[in-house]
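Here is the structure we will look at, set down as C-alpha cells.
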Amino acid sequence: MTRDVRLLNTGSLLELQRRLRAAGGENIRQSMQRRIRRAAEPLKADLQSTMLALDIRSQGRSTREGGSSPNDRPLRATIAAAIRISVRTGGNPGATVWIDKARMPPDYKNIPALLNSGRLRHPVFGNRRRWVNQYATPPWWDTTVRRHRPRMDAEVNRVLDDVRRRLG
C-alpha cells in the first residue's frame, strides 16, 4: 500500500519558495498553502467515505452463535478519522495525505495496509489459538488515490502558475 500521497513538483516548488522569501510575500505563501490544501481535501474526503463504506467480509461462520464485540472501537470510523493532510512550504514543499497512526489504537496500526492488500487475518476476540480471515475489496487506498491524481496534479500546477504570475 502506498502509505501516503504526495503532491510534489519539487523543483518548481523550491524555486517558487526561494522567490517568495526574496519577495517577502507572506500573503502569497499563505494563499499557496491554502490552495494546495484545498486541492488535497477532496481526496481526503473520498478516502474517508471509501473506508466507511468498505465491504469487509468474513470467511463464514461456524454453527456457533457469535456474541457482541468486546471492543467498542468501530474499525472503519477509527481509520477514516485518522486520515490527515499536511502541507509544507519549507525544505521539502508539497502536500501529503496520510494515515496518522498516532490517532489509532496500537492494535490498529497495520490494519489499513492489510485491508488495502485485501486480507486481514486476526485472532477471534483476542483468542490466539483461533484465527480467522476477513476480506476487503482491494486496493481501497490505491484505487481512490489513482482516481484523484490527475485532478490534484492539475490544480497544483494551476496554483504554481498563479504564484509565478503574481511574483512577476
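On a predicted model such as this, the values are computed, not experimentally measured, just so you know.
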Could you grab the distance from atom CD of Glu41 to atom NZ of Lys44, nearest 0.5 Å is fine?
7.0 Å
Inter-residue atom distance Asp142.CG - Ser117.OG, 0.5 Å rounding:
10.5 Å
Measuring only between side-chain heavy atoms, which start at C-beta, is Arg84 closer than 4.5 Å to Thr96?
no
Taking the side chain as everything from C-beta on, heavy atoms only, tell me whether Leu75 gets closer than 4.5 Å to Ile56.
yes
Side-chain touch Gln33/Ile36, heavy atoms, less than 4.5 angstrom:
no
Take a 6.0 Å sphere around CZ of Arg121 and say whether it holds more than 12 heavy atoms from other residues, nucleotides or ligands.
yes
If you take all heavy atoms of Leu54 and Arg76, which pair is closest and at what distance?
O-NE, 2.8 Å
Given Ile79 and Leu115, is the side-chain contact (heavy atoms from CB on, under 4.5 Å) satisfied, shown in steps?
CA-CA 11 Å; Ile79 294 172; Leu115 288 175; 4.1 Å; yes
Nearest 0.5 Å, what's the CD-CD1 distance between Gln48 and Ile83?
5.0 Å
Taken in chain and number order and not counting sequence neighbours, the residues that satisfy side chain to side chain donor-acceptor pair (under 3.5 Å) with Arg147 are Asp46
Answer yes when Arg158 and Glu155 have at least one side-chain N-carboxylate O distance shorter than 4.0 Å, and no when they do not.
yes
Looking at every non-hydrogen atom in both residues, tell me the closest pair between Ile99 and Pro112 and how far apart they are.
CD1-CB, 3.5 Å
Heavy-atom side-chain contact between Ile111 and Thr78 under 4.5 Å:
no
Which atom of Asn110 lies closest to which atom of Lys101, heavy atoms considered
OD1-NZ, 4.0 Å
Counting C-beta onward and ignoring hydrogens, is there a side-chain heavy-atom pair between Trp140 and Leu47 closer than 4.5 Å?
yes
With side chains defined as the heavy atoms from C-beta onward, is the minimum distance between Val132 and His122 less than 4.5 Å?
yes
What are the two closest non-hydrogen atoms of Leu52 and Ala77, and how far apart are they?
CD2-CA, 3.6 Å
Indicate the atoms forming the closest heavy-atom contact of Met51 with Ala80, along with that distance.
CG-N, 3.9 Å
How close do Ala82 and Arg103 get, counting heavy atoms only, and between which atoms?
CB-CB, 4.2 Å
Could you check whether any side-chain heavy atom of Thr137 comes within less than 4.5 Å of a side-chain heavy atom of Arg57, counting everything from C-beta outward?
yes
Do the non-hydrogen side-chain atoms of Trp98 and Ser86 ever get within less than 4.5 Å of each other?
yes
